[in-house]
Amino acid sequence: MTKIRNILPEDFKEYIEMAKVFYSMSCCEHNVDKSHFINAFEYCLKDNPYSKLFIIEYDGKIAGYGNISFTYSIEGGGNVVFLEELYIKPEYRNKGIGTEYFNFIHTNFPAKRYRLEVTDCNIKAKQLYEKLGYTYLNYKQMIKEN
């Protein structure tokens, strides 16, 4: 049975380990400094309007985590939920947890548009997203970091 809940202070160590694994996978475009995980954890423990961090449990054990953020899009015609990260531990994959996570997000965070990123090499994720009705935008992303 899958349970999705808000992150709690006692999840710190396990979340950090999962985030490190997530960003070290071959399908991630770049590594992320560990301090970013700590900052996200602390920020999402607070009541804030921009981001939520979830722990995903399966049969009472931590199976993964997810992170969403919120914005407004003129192009999209309203509120947007950006599915920033979804990580399921290897031993819990192919059990329907990803689909349950998306159902949880779509039910509890209604929006005009849901958006996510996926790399070409992440074939299983792309198959899931397509099955759930996600389609591709032909944009190239650009960033400027300070």
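- Sorted by first and then second residue, the salt bridge (charged side-chain N to carboxylate O under 4.0 Å, His left out) pairs with a member in residues 4-13 read Arg5-Asp11, Arg5-Glu57; sequence neighbours excluded.
- The nearest pair of heavy atoms linking Asn67 to Ser51 is ND2-OG, 3.1 Å.
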Stepwise side-chain contact (heavy atoms from CB on, under 4.5 Å) test for Thr99 and Lys131: CA-CA 9 Å; Thr99 299; Lys131 181 180 97 174; 3.5 Å; yes

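- Residues satisfying the side chain to side chain donor-acceptor pair (under 3.5 Å) criterion with Lys89, sequence neighbours excluded, are Glu14.
- For Tyr134, the side-chain contact (heavy atoms from CB on, under 4.5 Å) test picks out Leu83, Phe102, His106, Tyr114, Leu116, Tyr129, Leu132, with sequence neighbours left out.
- Between atom CD1 of residue Ile88 and atom CD of residue Glu100 there is a gap of 9.5 Å, rounded to the nearest 0.5 Å.
- Met1 shares a hydrophobic cluster with no other residue; no ILVMFWY side chain has heavy atoms under 4.5 Å from its own.
- Residue pairs meeting the side-chain hydrogen bond (donor to acceptor under 3.5 Å, both in side chains) criterion with at least one member in residues 118-127, sequence neighbours excluded: Asn94-Lys124.
- Note that the CD1 atom of Ile97 and the CG atom of Leu128 stand 11.5 Å from one another [nearest 0.5 Å].
- Taking a 4.5 Å side-chain heavy-atom cut-off between Ile, Leu, Val, Met, Phe, Trp and Tyr, the cluster of Tyr50 extends to Tyr43.
- The two residues Glu84 and Ser69 make their nearest non-hydrogen contact at OE2-OG, 2.6 Å.
- Residues forming a side-chain contact (heavy atoms from CB on, under 4.5 Å) with Glu117 (at least two apart in sequence, or on another chain): Phe82, Gln141.
- Put simply, Leu45 and Ile4 are part of two different groups of oily side chains (I, L, V, M, F, W, Y) that touch within less than 4.5 Å, one to the next.
- For Ile74, the side-chain contact (heavy atoms from CB on, under 4.5 Å) partners are Tyr72, not counting sequence neighbours.
- Membership of an apolar cluster is not assigned to Ile123, as no side-chain contact below 4.5 Å to another ILVMFWY residue is traced.
- Atom NZ of Lys61 and atom CD of Glu91 lie 10.0 Å apart (nearest 0.5 Å).
- Under the side-chain contact (heavy atoms from CB on, under 4.5 Å) criterion, Arg113 pairs with Ser73, Glu75, Val80, not counting sequence neighbours.
- Each of Phe41, Tyr87, Phe104, Tyr65 was checked for a ring pair (Phe, Tyr, Trp, His ring centres under 6.0 Å) with Phe54, and the lone residue meeting it is Phe104.
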Test log, rule side-chain contact (heavy atoms from CB on, under 4.5 Å), inputs Lys52 and Ile7: CA-CA 8 Å; Lys52 301 278 183 214; Ile7 198 112; over 6 Å; no

For residues 15-25, which side-chain donor-acceptor pairs fall under 3.5 Å, sequence neighbours excluded?
unit_1 : atom_1 : unit_2 : atom_2 : d
Glu17  : OE2    : Lys20  : NZ     : 3.2
Tyr23  : OH     : Glu85  : OE2    : 2.6
Ser24  : OG     : Lys20  : O      : 3.2
Ser24  : OG     : Val21  : O      : 3.0

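- The CD1 atom of Ile55 sits 5.0 Å away from the CD1 atom of Ile62 when rounded to the nearest 0.5 Å.
- In plain terms, the two heavy atoms of Leu53 and Cys44 that are nearest each other are CB-CB, 3.6 Å.
- Summarising the geometry of Leu86 relative to Tyr101, their closest heavy-atom pair is CD1-CD2, 3.7 Å, with the distance given to 0.1 Å.
- Residues forming a disulfide bond (SG atoms under 2.5 Å apart) with Cys121 (at least two apart in sequence, or on another chain): Cys27.
- Across Ala111 and Asn79, no two heavy atoms sit closer than the pair CB-O, 3.5 Å.
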